[in-house]
Engineer: 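Questions regarding the structure given below will be posed in turn.
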Amino acid sequence: MAVSETPAESEGPVEAEAPPPEVPIEDEERQATLPVDRPVFWTAACITVAVILFGAFFPEQFEDGSTAALNWVIANFGWLFIIAGNIFLVLAVYIAASRFGNIKLAVNPNEEPEFGTLPWISMMFAAGMGIGLMFYGVAEPLSHYFDAPPPLQLNPESPFYSDQLEEGALVYSYFHWGLHPWAIYAVAGLALGYSTFRKQRGNNMSDAFEPLTAGKRWGPATGKAIDLLAIFATVFGTAASLGLGALQVAVGLEIVAGVQDSKFLEVIVIVALTAAFVASAFSGVHRGVKWLSTTNVVLALFLVVFVFFAGPTLFILDAWPNAVGGYLSQLMNLSSVTGAFGGEDWMAAWTIFYWAWWLSWAPFVGTFIARISRGRTIRQFIVGVLLIPSAASTLWFAILGGTALWKQDHGYFDYADSIGQGEEYALFALLDSLPLYSLLAGLSMILVAIYFVTGADSASLVLGSLSSRGSLAPKKPLVVFWGATIGAVAAVLLLSGGLEGLKNATIIVALPFVVVMLALCVALMRELTTDPAANVLRHHMRQRGFRDAIRRIVGEEFDTRTAAKNPWGRARMRFPSGGRRTGNDE
């Protein structure tokens with residue numbers, strides 16, 4: 001019969017769905033430096049430099065303007081940050097649990113992960129450790145202990161008030177550093193990794209929006225606007241982190257070396273660490289940055305292990321699972337608080353600031369975790385990004401913050417004065433209550449300084465890529481320019497408003513980018529729903545010829561029963577989609 005005479009290999013649809021041949025990674029990565037995207041670079045550079053100059057020459061006006069802008073953002077869009085954070089978490093969990101989780105971040109479904117599981121986990125853990133954890137690891141739990149978060153609604157007259165306060169301080173720290181921030185990074189990283197490795201597009205943020213902008217007259221202009229917003233978010237978000245690091249190093253120099261802390265000293269610290277970053281940038285990723293990253297992990301591990309054994313070890317072992325359980329059980333309630341019924345100022349200073357900070361870091365961290373996750377399934381990617389850094393963060397807070405809470409609650413040490421001086425004093429106050437204070441304080445300053453250098457180096461590479469058409473190897477002068485710019489922005493923010501100035505700028509610049517991130521979710525889902533690998537069973541049946549076999553069986557059966565009534569029935573069964581003839585059929 002005609003159906004049996006047609007070989008399976010000649011079926012057009014079957015050939016079209018076969019996976020393309022594997023392409024060597026080095027041929028895809030476009031290691032050659034691409035030209036600078038002049039409209040994007042010059043627009044971003046001019047606006048950023050203008051902000052730096054205005055803040056340097058008119059610090060009071062800069063502070064007043066940023067404060068007014070912050071108040072407007074909080075009053076009108078605080079709800080947007082809270083809702084958006086929940087959307088990212090729900091979407092990440094849904095994608096991981098759905099059929100989309102089977103899709104690989106690669107063109108070839110048989111491609112193995114570029115990095116083994118252990119190195120991948122190690123790099124993910126390193127991404128979860130940084131200046132932020134060093135700065136807030138002790139400061140945040142103690143701040144919540146001395147000023148209870150209004151959403152906890154604790155009763156001071158309760159005999160268990162002190163215990164509930166300790167648990168609540170850790171629970172809110174976990175909330176701010178746990179699943180929500182890493183869901184933001186997971187969505188950004190997944191969209192970038194899918195666009196780059198699955199769809200073989202460029203490495204720019206705007207390339208992930210192709211499902212929404214391709215073929216549109218306004219598409220190119222919108223793409224450049226998206227890259228500009230990503231640049232601004234990365235510059236100010238990273239500058240906030242570097243500013244925190246400079247504050248902590250300056251305080252460490254005052255406590256350990258007796259150097260008087262001042263705005264001038266903080267600027268000197270930024271200049272010195274920026275110079276170290278420039279040296280690291282010229283030494284290359286595989287030399288300077290790799291060595292510094294490895295040193296980070298070793299020093300951080302030594303610090304946290306020492307505090308674990310020198311502090312209340314049994315209390316930490318009890319507090320960690322207890323607080324994690326409290327965090328998970330109260331997650332929905334914590335996630336829905338906006339400050340509408342009280343505590344608006346507290347929400348602005350903590351939760352909304354954090355959500356804006358994570359959003360401003362999304363292009364930077366998303367690019368990093370996407371780059372190291374090639375060849376993994378979406379389910380592996382999301383589960384790893386959500387759980388591994390979140391678990392590391394909760395453990396960090398349980399050890400450092402838990403030790404401080406226990407000493408404060410049991411009267412072994414009073415940290416109230418240190419927190420009153422500023423959050424940057426909290427870590428050194430904890431170390432002062434432990435053995436080997438001088439050694440640990442010096443090690444902490446070195447650790448913060450190295451995080452400063454590696455953070456500036458990595459962020460400037462991302463900025464160089466965004467301003468040079470997604471080049472994976474941007475020109476070194478471009479990288480150095482963006483690194484110096486980040487340092488200058490951090491200095492200006494510290495001079496004009498200190499810690500509050502850093503927070504204000506982060507929230508303001510993150511407002512337009514939250515809209516970009518929500519649109520990114522739409523673009524990602526539009527592509528995932530059309531990916532043939534989302535239905536594994538159907539995909540494998542097609543590849544193994546099951547569809548053709550079923551056609552033959554059903555076609556032959558149909559032919560024997562209906563040939564007398566409908567001589568065209570057999571021919572219809574040969575054609576796909578209800579008998580529509582295609583150019584591949586005879």
Side-chain angles (χ1 to χ4, degrees), residues 77-101 103 124 127-128 132-133 140 149 151 170-194 208 233 237 323-339 347 350-366 368-370 373 376-394 397 506-507 510-511 513-526 528:
F77 295 101
W79 59 270
L80 180 60
F81 288 103
I82 301 301
I83 293 177
N86 295 334
I87 289 175
F88 299 133
L89 179 57
V90 171
L91 181 64
V93 174
Y94 166 73
I95 292 176
S98 70
R99 58 192 174 95
F100 307 127
I103 301 173
M124 200 72 68
L133 286 178
E140 180 167 356
L170 286 178
V171 165
Y172 246 108
S173 299
Y174 292 175
F175 173 58
H176 290 151
W177 292 81
L179 296 176
H180 275 80
W182 287 99
I184 296 173
Y185 298 154
V187 170
L190 176 58
L192 291 169
Y194 185 88
V324 168
Y327 160 56
L328 295 177
S329 65
Q330 301 178 49
L331 183 58
M332 182 170 293
N333 182 47
L334 296 173
S335 303
S336 60
V337 176
T338 62
M347 289 292 297
W350 290 101
T351 303
I352 294 177
F353 159 68
Y354 273 128
W355 274 210
W357 197 11
W358 309 141
L359 283 164
S360 67
W361 269 63
F364 167 36
V365 180
F368 169 74
I369 60 178
S373 301
R376 296 196 173 273
T377 66
I378 288 178
R379 183 171 294 111
Q380 291 173 334
F381 175 87
I382 293 179
V383 170
V385 172
L386 278 181
L387 297 185
I388 295 172
S390 297
S393 297
T394 59
F397 277 99
T506 302
I507 295 175
L511 176 60
F513 197 71
V514 70
V515 180
V516 173
M517 286 290 295
L518 291 172
L520 184 65
C521 296
V522 177
L524 176 62
M525 291 306 300
R526 179 171 292 188
L528 290 180

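It should be emphasised that the depicted structure is a prediction, and the values quoted were computed from it without experimental measurement. Numbers for residues simply follow the sequence, beginning at 1. Reckoned from all heavy atoms, side chains included, excluding hydrogens, waters and symmetry mates.
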Engineer: Have a look at Tyr185 and tell me which of Val365, Leu190, Leu359 forms a side chain to side chain contact (heavy atoms under 4.5 Å, CB included) with it.
Structural biologist: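 Of the listed options, the one satisfying the test is Val365.
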
Engineer: So, do Leu80 and Leu518 sit near enough that their side-chain heavy atoms are less than 4.5 Å apart?
Structural biologist: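 Answer yes - side chains close enough.
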
Engineer: Looking at Pro363 and Leu192, what are the two nearest heavy atoms and their distance?
Structural biologist: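 Closest approach of Pro363 to Leu192, heavy atoms only: O-CD1, 4.5 Å.
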
Engineer: Which residue is it: Tyr172, Trp358, Trp350? I am looking for the one with a ring-ring contact (aromatic ring centres under 6.0 Å, His included) to Trp177.
Structural biologist: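 For Trp177, the ring-ring contact (aromatic ring centres under 6.0 Å, His included) test succeeds with only one of Tyr172, Trp358, Trp350, which is Trp358.
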
Engineer: Calculate, to the nearest 0.5 Å, the distance between atoms OH and OG1 belonging to Tyr327 and Thr394 respectively.
Structural biologist: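 Here the interatomic distance stands at 9.0 Å.
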
Engineer: Are Val514 and Phe77 close enough that some pair of their side-chain heavy atoms sits under 4.5 Å apart?
Structural biologist: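 With C-beta onward as the side chain, the pair stays apart.
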
Engineer: For Ala92 and Leu386, which heavy atoms make the closest approach, and how far apart are they?
Structural biologist: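 Looking at all heavy atoms of both residues, the shortest contact is CB-CD1, 4.4 Å.
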
Engineer: On a heavy-atom basis, which atom in Cys521 and which in Val187 lie closest, and how many Å separate them?
Structural biologist: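 Looking at all heavy atoms of both residues, the closest pair is SG-CG1, 3.8 Å.
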
Engineer: Please answer whether the main-chain N or O of Val324 pairs with a side-chain N or O of Tyr174 as donor and acceptor at a distance below 3.5 Å.
Structural biologist: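 No: the side chain of Tyr174 does not pair with the backbone of Val324.
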
Engineer: In Å, rounded to the nearest 0.5 Å, how long is the span from CD1 of Ile352 to CD1 of Ile507?
Structural biologist: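 Ile352 atom CD1 to Ile507 atom CD1 measures 7.0 Å (nearest 0.5 Å).
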
Engineer: Closest heavy-atom contact between Ala188 and Ala362?
Structural biologist: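 Taking every non-hydrogen atom into account, CB-O, 3.8 Å.
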
Engineer: Does Thr351 form a side-chain contact (heavy atoms from CB on, under 4.5 Å) with Val337? I'd like the steps, not just the answer.
Structural biologist: CA-CA 9 Å; Thr351 303; Val337 176; over 6 Å; no

Engineer: When rounded to the nearest 0.5 angstrom, what distance separates CD1 in Ile95 from CZ in Phe381?
Structural biologist: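 Nearest 0.5 Å value for the CD1-CZ distance: 10.0 Å.
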
Engineer: Distance-only, no hydrogens or angles: does the Arg379 side chain make a donor-acceptor pair with backbone N or O of Ser98 under 3.5 Å?
Structural biologist: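 Flag set: sc Arg379 to bb Ser98 pair under 3.5 Å.
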
Engineer: Quick check: do Ser360 and Phe513 have side-chain heavy atoms less than 4.5 Å from each other?
Structural biologist: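 No, side chains not in contact.
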
Engineer: Just verifying a value: how many Å separate Ser336 OG and Leu334 CG, rounded to the nearest 0.5 Å?
Structural biologist: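 Rounded to the nearest 0.5 Å, the OG-CG separation comes out at 8.0 Å.
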
Engineer: Examine distances only and state if a side-chain atom of Ser390 and a backbone atom of Leu387 form a donor-acceptor pair shorter than 3.5 Å.
Structural biologist: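 Between the backbone of Leu387 and the side chain of Ser390 there is no qualifying donor-acceptor contact (under 3.5 Å).
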
Engineer: So which atom in Gly189 and which in Ala370 form the shortest heavy-atom distance, rounded to 0.1 Å?
Structural biologist: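 Answer, listing the atom of Gly189 first, then Ala370: O-CB, 3.3 Å.
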
Engineer: Applying side-chain contact (heavy atoms from CB on, under 4.5 Å) to Trp182 and Leu89, what does each step give before you reach the verdict?
Structural biologist: CA-CA 8 Å; Trp182 287 99; Leu89 179 57; over 6 Å; no

Engineer: Does anything in residues 79-90 form a side-chain hydrogen bond (donor to acceptor under 3.5 Å, both in side chains)? List the pairs, not counting sequence neighbours.
Structural biologist: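 For residues 79-90: Asn86-His180.
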
Engineer: Any chance you could measure Ile82, atom CD1, to Ile87, atom CD1, to the nearest 0.5 Å?
Structural biologist: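 Taking CD1 in Ile82 and CD1 in Ile87, the distance rounds to 12.0 Å.
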
Engineer: What's the shortest heavy-atom distance between Phe397 and Leu170, and which atoms?
Structural biologist: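 Minimum heavy-atom separation between Phe397 and Leu170: O-CD2, 3.7 Å.
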
Engineer: Parallel, tilted or perpendicular: which one describes the rings of His176 and Tyr354, with boundaries at 30° and 60°?
Structural biologist: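 Ring orientation, 0 to 90° scale: tilted.
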
Engineer: Quick check on the 6.0 Å ring-centre criterion: do Trp355 and Phe175 meet it?
Structural biologist: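 Centroid separation for Trp355 and Phe175: below 6.0 Å.
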
Engineer: Just verifying a value: how many Å separate Ile382 CD1 and Thr377 OG1, rounded to the nearest 0.5 Å?
Structural biologist: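 Rounded to the nearest 0.5 Å, the CD1-OG1 separation comes to 9.0 Å.
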
